[in-house]
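As structure tokens, the structure follows; a few thoughts come after it.
Side chains included, hydrogens not; waters and symmetry mates left out as well; all remaining heavy atoms used. Positions are given from 1 along the sequence.
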Amino acid sequence: MTHSPVATLPAPAHAPARRPVALVPAPSPTPAPSQVQVLALAEPLPGFPQHRDYVLVPADGGGLLFWLQSVAPDGPRFLAVPAASFFPDYAPALPGVPCAELGLADSAEATLYCLVTVPDGDVTAATANLRAPLVVNPATQRARQLVLVDGSHPIRRPLRR
């Protein structure tokens, strides 16, 4: 029996979870870690200058949904998806300097996550930000959100196809 991944969405992006949500990924998802990953951000996420330490917590059993949660008690949390699971052809050109800062000799070593927006809790309208992926070096657990300047990737790409 196959089940859709289920996660709980917060009212605002950083509030406590409230409602169950099911998202449908593209075929052939990439396996993701099943354990909590501790991430140190090289630079804080825009709008959250006090928060550099996060955990990436699985929000489902299949490794398709994650909470990017600040370790601070009152810190923000965001719903995130592994880019490869939902967008298998997504392969943005990552700038060399930020990759070197994360300790990535090759950008192909990076794991990319996209932050998700669910307007008014409507899962059918959920979108992923492909313009500003969270780039993670899985070997060092250092991460950074990169804003891609080429404009070829949308800020709001639907998760459902």
Side-chain angles (χ1 to χ4, degrees), residues 7-19 21 23 25 30 32-33 36-60 63-87 89-104 106-160:
T8 307
L9 288 180
H14 60 279
R18 292 193 182 158
R19 294 194 276 186
V21 174
L23 299 175
T30 301
V36 172
Q37 295 180 68
V38 177
L39 298 178
L41 268 60
E43 291 196 14
L45 295 173
F48 301 96
Q50 268 51 31
H51 303 280
R52 285 182 181 249
D53 297 315
Y54 285 80
V55 289
L56 199 56
V57 181
D60 72 334
L64 295 175
L65 301 172
F66 292 84
W67 289 114
L68 178 65
Q69 171 72 54
S70 170
V71 298
D74 61 344
R77 117 172 137 168
F78 307 91
L79 187 60
V81 295
S85 295
F86 285 84
F87 310 105
D89 296 333
Y90 180 63
L94 302 177
V97 171
C99 285
E101 178 183 53
L102 296 177
L104 294 164
D106 181 352
S107 62
E109 298 170 357
T111 302
L112 303 179
Y113 292 87
C114 298
L115 299 185
V116 174
T117 301
V118 182
D120 300 320
D122 180 5
V123 163
T124 63
T127 60
N129 182 345
L130 273 59
R131 177 84 48 90
L134 181 69
V135 180
V136 176
N137 180 336
T140 64
Q141 304 300 35
R142 291 197 33 90
R144 177 183 182 139
Q145 186 178 34
L146 290 180
V147 177
L148 304 173
V149 294
D150 67 8
S152 63
H153 300 288
I155 293 172
R156 292 178 192 90
R157 171 110 181 247
L159 283 180
R160 294 181 171 219

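Taking every heavy atom of both residues into account, Val116 and Val81 meet most closely at CG2-CG1, 3.8 Å. Among all heavy-atom pairs drawn from Arg144 and Pro98, the shortest one is CD-CB, 4.1 Å. Of all heavy-atom pairs spanning Tyr90 and Cys114, the tightest one is CE2-SG, 4.3 Å. Residue Tyr113 comes nearest to Ala80 through the heavy atom pair CB-CB, 4.4 Å, listed as atom of the first residue, atom of the second, then distance.
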Can you list, pair by pair, the side-chain donor-acceptor contacts under 3.5 Å of residues 127-138, counting residues two or more places apart and other chains?
residue : atom : partner : partner atom : Å
Asn129  : OD1  : Arg131  : N            : 2.9
Asn129  : OD1  : Ala132  : N            : 2.9
Arg131  : NE   : His153  : O            : 2.6
Arg131  : NH2  : His153  : O            : 3.1
Asn137  : OD1  : Ala139  : N            : 2.8
Asn137  : OD1  : Thr140  : N            : 3.4
Asn137  : ND2  : Leu102  : O            : 2.8
Asn137  : ND2  : Gly103  : O            : 3.2
Asn137  : ND2  : Thr140  : OG1          : 3.4

Kindly list each side-chain donor-acceptor pair under 3.5 angstrom involving residues 46-58, sequence neighbours excluded, with atom names and distances?
residue : atom : partner : partner atom : Å
His51   : ND1  : Ser70   : OG           : 3.0
Arg52   : NH1  : Ala42   : O            : 2.5

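In this structure, Phe78 and Thr117 have side chains that are not in contact, with every pair of non-hydrogen atoms separated by 4.5 Å or more. Counting heavy atoms from C-beta outward, Leu68 and Leu39 have side chains that approach closer than 4.5 Å. Side-chain contact between Glu109 and Leu104 is present, with heavy atoms from C-beta onward closer than 4.5 Å.
Applying the side chain to side chain donor-acceptor pair (under 3.5 Å) test to Asp106 and every residue at least two apart in sequence or in another chain returns nothing.
Between Leu159 atom CG and Ser85 atom OG the span is 11.0 Å, to the nearest 0.5 Å.
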Please report the C-alpha distance between Gln141 and Val38 in whole Å, then the side-chain angles of each, then the deciding distance to 0.1 Å, and finally whether the side-chain contact (heavy atoms from CB on, under 4.5 Å) criterion is met. CA-CA 7 Å; Gln141 304 300 35; Val38 177; 5.7 Å; no
